[in-house]
Amino acid sequence: GVRDFGPPVRVNQVGYLTTGPKRATFVTTETTALDWRLLDNANKVVATGKTSPYGADAPSGDSVQLIDFGRYHRSGTGFRLAVGDAVSDPFAIGDQIYSTLRKDALEYFYNNRSGLPIEAKYVGDAYARPAGHVGVAPNQGDVSVPCFPGTCDYSLDVSGGWYDAGDHGKYVVNGALAAWQLLDLYDETGPGVSLKIPEAGNRTPDVLDEAKWELDFLLRMQVPAGQPLAGMVHHSIHDEKWTGLPLLPSADPQRRYLYPPSTAATLNVAAVGARCARVYAKWDKAFAARCLSAARTAWNAARQHPDLYAPPGGEGGGAYDDTNASDEFSWAAAELFATTGASSYKKFITTTLTVDGFSWRDTGGLADLALARTPWRLPLVDRLRLAQRVAKVADTYVANVRSQGYANPYKPADGQYVWGSNSAVTNSAMILAIAHDLTGRRTYRDAALESMDYLLGRNAVGTSYVTGYGTRYSHNQHHRFWAHSLNPALPSPYPGSIAGGPNSGLQDPVAQRNLQGCAPAKCYIDEIGSYSTNEVAVNWNSALAWAAAFADAS
Ligand code: G3I
Ligand code: 9MR
C-alpha cells in the first residue's frame with residue numbers, strides 16, 4: 001500500500017529555538033510560490049509569507065517547496081505551519097527545546113548497561129530489568145569468557161560495558177567511539193546535566209560516570225601481560241549464534257566468546273584511553289593513570305602488530321570489519337600527543353578532517369577533533385590551519401543544508417544512504433558545532449540546528465527518528481528488550497533513542513520485503529525486524545547526546 005508520511009508540511013516536530021533558524025519543507029507538485037501561514041495554538045495566524053519553489057529533491061524523489069519563518073521569534077507551544085489546506089504537525093518555539101532530549105539521550109546508556117540490574121528507581125517500572133551477563137544461568141558470560149576456540153587459551157572477566165545495540169554483543173571499535181564522544185561532550189559543555197543513574201550525586205559529573213562504565217569494560221578487553229599479543233585488545237565479545245527477539249539480556253543462553261584482537265580495536269583503546277587520561281585527571285587521578293598506561297601499552301602493541309584486521313563476522317555478532325588501520329593510528333597518535341605532549345607521536349598524525357567526517361570505520365578525521373581540544377599543544381600557525389580545515393568541511397555541510405530540499409548536512413557522493421545514515425547526519429552536526437566553536441560563525445551553529453530538524457521530522461518520511469520526541473516518531477527500533485511490538489509486556493525504546501535511519505542497501509529481510517525501489521532518503525521502516533534501518537546503537541546515541549547538548553546550550 002501507499003506509505004503514510006504524515007502531513008506534506010514537514011517540520012521539526014519538537015520545535016525550533018527562539019534564536020535559531022526556522023525552516024520547513026512542503027511536499028507539492030505546485031511550482032509557483034504559494035502563501036504560507038503560521039498558526040498559534042489558538043489557531044490564530046501569527047505570521048505569513050511566500051514559499052520558495054525548489055523542485056525535485058534527489059535523495060527523496062519528492063517535489064518540494066521551502067518555507068522560512070525565521071523572522072518569527074515568539075515562544076509558545078502548539079504552533080502549526082499551513083499552506084492551503086495542508087497543515088503541519090504541531091511544534092514549539094522556545095529556548096528549552098533540547099533540554100530533555102539532552103538528558104534522555106544520555107540515559108540511553110544506563111538502560112543498555114551490561115553487568116548490573118537496571119533499577120526502577122532510575123528508569124521507572126517499565127524499563128527495569130535484571131542484570132545481564134553477570135555469570136548467572138542461563139547466561140554464560142561475562143565474568144569468565146573464553147577465547148573463540150583455537151585462538152588463545154585464557155578467559156577474561158569482560159563484564160560491564162554497554163550492549164552494542166539491539167543485540168547483546170559488545171564491540172570495542174564502536175564502543176570506544178561512543179565512550180570517546182561522551183568524553184568529548186564533557187570537553188564541550190563541562191559537567192552538563194544530571195542523570196538518573198546510580199552514580200548521581202557523587203563528585204564526578206554524571207556524563208563521566210556513564211563513560212567510565214564503558215571505559216572499565218574496554219580496559220578489561222586488553223590482552224594481559226604474559227599472554228601472546230599482550231597489550232592488544234580483543235575486537236569483541238559476543239554470542240556464538242544470533243539469538244531471536246525478544247530476549248532479555250539476563251535470559252541469553254548462548255555461549256559467548258572473546259574474538260581475536262585487532263589493530264583497530266587496540267588503537268581505539270589507545271585513543272579513548274589517552275582522552276580518558278586527560279579528562280579524568282581532574283576527577284579521578286588513579287583512573288586517569290590507568291587509562292594512560294593502558295593507552296600506551298595498546299599503542300606499543302599496535303606498533304608491533306600493525307595489520308591484524310577484524311576477524312570475519314561471526315554467526316552471532318556484528319563484524320565491525322575494517323581492513324585499513326592507518327586512520328586509527330593517526331587518531332590514536334593525535335589523542336596521545338594531545339594528552340602527553342610527547343613529540344614522538346607527531347609523525348603518526350597523518351590524517352585530517354574531510355567532508356567524509358568520521359565513523360567507527362573511518363576515524364582519520366578524529367585526529368583534528370582531538371587536537372582541537374588542546375590548542376596549547378600547537379604552534380599558532382597550526383592552530384589556525386586546523387580551524388581552517390574544520391571550517392572548510394563545515395562550509396560543505398552548510399552548502400548541503402542549504403541546497404537539499406530537506407535540509408541535511410549529509411550528502412553522500414554516490415547518492416546512496418548507508419546503514420546508520422542518521423549517525424552521519426548527527427556526527428556532521430557535531431563537526432558543524434565544533435566549527436562554530438573554533439570560528440564563532442553563526443552559519444555553522446544554524447546548520448547544526450537544522451540537522452536536528454531533519455532528525456526530528458523535517459525529512460522525507462515525516463518521522464522523528466527519536467523515540468518520544470515529536471508527534472510521529474520511531475518506536476519499534478530493533479532491540480531485544482525494548483520489544484513492545486513483539487510482546488506488550490515489554491517497553492518501547494526509552495525516550496531519546498535514535499534509529500539508524502534510511503539505508504538504501506536494504507540489508508535485512510523486512511526492508512527487502514517492504515522497501516524495494518525506495519528513494520534513498522525513504523529507505524526506512526519503523527518495524528522491529530528492520531535492523532538495517534531501524535536499530536539503535538551506542539555510537540549513534542552518543543552522537544545524538546552530543547548534538548542535543550550543543551543545541552540545548554546554544
Ligand atoms: O565503507 C563502505 C563504503 O565504501 C561504501 O561506499 C558504502 C556503501 O555501500 O558502504 C560502506 O560500508 C558500510 C559500512 O557499514 C560502513 O559504513 C557497509 O555497506 C554496511 O553494511 C556497514 O554497516 C554496518 C553494519 O553493522 C553491518 O556490518 C554498520 O555501519 C554498523 O553500524 C552495524 O553495526 C551493527 C553491528 O554489526 C551489530 N550490532 C548492531 C549494530 C547496529 O546495527
Ligand atoms: O539482532 C541483530 C542485529 O543487532 C544486527 O545488527 C543484525 C546484523 O548483523 O543482525 C541481527 O540479528 C539477526 C541475524 O542477523 C539474522 N537472524 C535474525 C537475527 C535477529 O533479527
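Indexing begins at 1, ligand by ligand and atom by atom, following the structure's order.
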Engineer: Under 4.0 Å from atom 4 (O) of ligand 1, is there at least one protein heavy atom?
Structural biologist: no
Engineer: Is the closest protein non-hydrogen atom to atom 18 (C) of ligand 2 under 4.0 Å?
Structural biologist: no
Engineer: Run the numbers for me: atoms of ligand 2, each under 4.0 Å from some heavy atom of Asp167, listed by number.
Structural biologist: 4 (O)
Engineer: Which one of Trp242, Trp540, Tyr171, Tyr320 has a non-hydrogen atom at the shortest distance from atom 36 (C) of ligand 1?
Structural biologist: Tyr320
Engineer: Between Glu210 and Arg113, is there a side-chain N and carboxylate O pair less than 4.0 Å apart?
Structural biologist: yes
Engineer: Among all protein non-hydrogen atoms, which one is nearest to atom 39 (N) of ligand 1, and what is the separation to 0.1 Å?
Structural biologist: Asp164 OD2, 2.8 Å
Engineer: Given Asn503, Asp356, Val418, Asn534, which has its nearest heavy atom closest to atom 8 (C) of ligand 1?
Structural biologist: Val418
Engineer: For Arg275 and Asp187, what are the C-alpha separation, side-chain angles and deciding distance, and is it a salt bridge (Lys or Arg N to Asp or Glu O under 4.0 Å)?
Structural biologist: CA-CA 10 Å; Arg275 178 69 70 103; Asp187 271 336; 2.9 Å; yes
Engineer: Does Arg480, backbone or side chain, put an N or O under 3.5 Å from an N or O of ligand 2?
Structural biologist: yes
Engineer: Should the heavy atoms of other residues, nucleotides or ligands under 6.0 Å from CG of Asp414 be counted, would the total exceed 12?
Structural biologist: yes
Engineer: With rounding to the nearest 0.5 angstrom, report the NZ to CD distance, Lys241 to Glu315.
Structural biologist: 5.0 Å
Engineer: Among protein heavy atoms, which lies nearest atom 37 (O) of ligand 1, and at what distance?
Structural biologist: Gly318 CA, 3.1 Å
Engineer: When Arg361 is tested against each of Asp327, Asp321, Asp356 for salt bridge (charged side-chain N to carboxylate O under 4.0 Å, His left out), which residue passes?
Structural biologist: Asp321
Engineer: Can a donor-acceptor pair be found, under 3.5 Å and without considering hydrogens, that links the side chain of Asp368 to the backbone of Leu353?
Structural biologist: yes
Engineer: How far is atom 2 (C) of ligand 2 from the closest protein heavy atom, and which atom is that?
Structural biologist: Trp242 CZ3, 3.4 Å
Engineer: Please report the interatomic distance OG(Ser532) to CD1(Ile525), rounded to the nearest 0.5 Å.
Structural biologist: 10.5 Å
Engineer: Write out the residue and atom name of the closest protein heavy atom to atom 22 (C) of ligand 1, then the distance separating them to 0.1 Å.
Structural biologist: Trp419 CB, 4.4 Å
Engineer: Using heavy atoms and a 4.0 Å limit, tell me yes or no: is Gln507 in contact with ligand 2?
Structural biologist: no
Engineer: With a 4.0 Å cut-off, strictly under, does atom 17 (O) of ligand 1 pick up any protein heavy atom?
Structural biologist: no
Engineer: Within a distance of under 4.0 Å, is there any protein heavy atom near atom 28 (O) of ligand 1?
Structural biologist: no
Engineer: Write out the residue and atom name of the closest protein heavy atom to atom 6 (O) of ligand 1, then the distance separating them to 0.1 Å.
Structural biologist: Asp414 OD2, 4.3 Å
Engineer: In the structure I gave you, are the side-chain heavy atoms of Ile197 and Trp213 within less than 4.5 Å of one another anywhere?
Structural biologist: no
Engineer: Does the plane of the ring in Tyr259 sit parallel, tilted or perpendicular to the ring in His238? Use 30° and 60° as the thresholds.
Structural biologist: parallel
Engineer: Could you establish whether Gln416 and ligand 1 come within less than 4.0 Å of each other, counting only heavy atoms on the residue side?
Structural biologist: no
Engineer: Do the side chain of Gln512 and the main chain of Leu506 share a donor and acceptor less than 3.5 angstrom apart?
Structural biologist: yes
Engineer: With respect to atom 16 (C) of ligand 2, which of Tyr531, Trp419, Tyr320 exhibits the smallest heavy-atom separation?
Structural biologist: Tyr531
Engineer: Given His479, Lys170, Glu535, identify the one with the heavy atom nearest to atom 43 (O) of ligand 1.
Structural biologist: Glu535
Engineer: To the nearest 0.5 Å, tell me how far Thr426 OG1 sits from Trp546 CH2.
Structural biologist: 12.0 Å
Engineer: Counting from 1, what ligand 1 atoms have a heavy atom of Gln507 closer than 4.0 Å?
Structural biologist: 20 (C), 21 (O)
Engineer: Numbering the atoms of ligand 2 from 1, which are under 4.0 Å from a heavy atom of Leu245?
Structural biologist: 20 (C), 21 (O)
Engineer: Taking side chain as C-beta onward, heavy atoms only, is Tyr127 less than 4.5 Å from Trp482?
Structural biologist: yes
Engineer: Are any non-hydrogen side-chain atoms of Gln404 and Asp57 less than 4.5 angstrom apart?
Structural biologist: yes
Engineer: Within the 4.0 Å heavy-atom shell around Glu535, which atoms of ligand 2 are there?
Structural biologist: 3 (C), 4 (O), 5 (C), 6 (O)
Engineer: For Gly6 and Arg10, which heavy atoms make the closest approach, and how far apart are they?
Structural biologist: O-NH2, 4.0 Å
Engineer: Does an N or O anywhere in Asp167 fall below 3.5 Å from an N or O of ligand 1?
Structural biologist: yes
Engineer: Which atoms from ligand 1 have a heavy atom of Trp360 less than 4.0 Å away?
Structural biologist: 29 (C), 30 (O), 31 (C), 32 (O)
Engineer: Would atom 41 (C) of ligand 1 count as contacted, meaning some protein heavy atom under 4.0 Å?
Structural biologist: yes
Engineer: Under a 4.0 Å N-O cut-off, is there an ion pair linking Lys212 with Asp216?
Structural biologist: yes
Engineer: Which residue owns the protein heavy atom closest to atom 21 (O) of ligand 2, what's the atom, and how far is it?
Structural biologist: His478 CE1, 3.5 Å
Engineer: I'd like to check whether Arg361 has a polar contact with ligand 1, where a contact means an N/O of the residue lying under 3.5 Å from an N/O of the ligand.
Structural biologist: yes
